[in-house]
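Reading through the structure tokens given below for one structure.
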Amino acid sequence: MALLSLIMKTHGDRERVFAMSSEEMIIGRSQGCDLRIPLPQVSTAHCKISEDGPERVLESLDDMVETRVNGVRIKRTVLCDEDVVEIGPVTFHVAITGGPGGSNFEIHREESAGE
């Protein structure tokens, strides 16, 4: 089964990886979201990623805010490996591993002293 991860680059080449661990991932500002982005530009329940057979579908949950994939505002779309998802001011890179057409990748994390 293919695994979807959202990769957020922070502070240079560091990466934070958020793996989709269930059939649905709600992304937003609310404490109850699976992936919480505590920024005012992000809706309390901004969007969700869900399984639809072998596909992973991204759906906007709030028409007042923008969710973009590869620079295009979306309401609902199928995610592909290497797509770029923008949720408010935050950008994620999609990685789909272990499935047909998905890449296998290694995540290189920079460890800094004091973290």
Side-chain angles (χ1 to χ4, degrees):
M1 180 167 160
L3 172 69
L4 180 136
S5 296
L6 297 176
I7 302 168
M8 180 177 67
K9 295 190 183 293
T10 60
H11 307 295
D13 288 337
R14 294 184 64 198
E15 296 176 340
R16 293 187 66 191
V17 178
F18 304 93
M20 186 171 164
S21 58
S22 63
E23 292 180 8
E24 184 175 274
M25 176 191 289
I26 304 292
I27 303 168
R29 194 175 69 233
S30 172
Q31 289 281 354
C33 290
D34 301 304
L35 174 51
R36 185 168 179 258
I37 304 172
L39 298 173
Q41 305 94 322
V42 176
S43 181
T44 54
H46 199 101
C47 59
K48 73 176 177 178
I49 300 172
S50 56
E51 291 182 3
D52 187 5
E55 299 176 329
R56 302 298 178 267
V57 176
L58 174 66
E59 183 176 354
S60 178
L61 298 175
D62 185 345
D63 291 335
M64 301 301 290
V65 295
E66 289 191 5
T67 302
R68 295 180 171 270
V69 175
N70 301 324
V72 177
R73 186 176 182 165
I74 61 99
K75 177 65 181 155
R76 186 176 196 277
T77 192
V78 174
L79 290 173
C80 298
D81 193 43
E82 299 184 13
D83 278 346
V84 176
V85 175
E86 297 170 67
I87 301 169
V90 182
T91 301
F92 295 96
H93 297 266
V94 175
I96 300 174
T97 58
S103 62
N104 290 311
F105 67 100
E106 291 182 30
I107 298 167
H108 302 282
R109 291 189 181 91
E110 178 183 301
E111 300 296 329
S112 57
E115 280 192 53

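Hydrogens, waters and symmetry mates play no part in the numbers below; they use all other heavy atoms, side chains included.
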Gap separating the [atom1] atom of [X] from the [atom2] atom of [Y], nearest 0.5 angstrom:
X	Y	atom1	atom2	answer
T67	I74	OG1	CD1	5.5 Å
R73	S60	CZ	OG	7.0 Å
L61	S43	CG	OG	8.0 Å
Q41	I87	CD	CD1	13.0 Å
L6	R56	CG	CZ	12.0 Å
N70	E86	CG	CD	9.0 Å

### Task
Please tell me if the side chains of R76 and D52 come closer than 4.5 Å, counting only heavy atoms from C-beta onward.
yes
### Any side-chain heavy-atom pair of M20 and I49 under 4.5 Å
yes
### Salt-bridge criterion met for K48 and D34 (N-O under 4.0 Å)
no
### Query
Are any of the side-chain nitrogens in K75 or E59 under 4.0 Å away from the carboxylate oxygens of its partner?
no
### Task
Using the test side chain to side chain donor-acceptor pair (under 3.5 Å), find all partners of R68 that sit at least two apart in sequence or belong to another chain.
E66
### Task
Could you state whether V65 and V90 fall into the same hydrophobic cluster, counting links through intermediate Ile, Leu, Val, Met, Phe, Trp or Tyr residues with side-chain heavy atoms under 4.5 angstrom apart?
no
### Cluster link V57 to L4, ILVMFWY, side chain under 4.5 Å
no
### Query
Which heavy atom in I96 sits nearest to a heavy atom in D81, and how many Å separate them?
N-OD1, 2.8 Å
## Note on the structure
The single option from L35, V17, V84 that satisfies side-chain contact (heavy atoms from CB on, under 4.5 Å) with F92 is L35
Which atom pairs, one a donor and one an acceptor, fall under 3.5 Å between side chains of residues 25-32 and the rest of the protein, sequence neighbours left out?
residue	atom	partner	partner atom	Å
R29	NH1	V42	O	2.6
S30	OG	G32	N	3.3

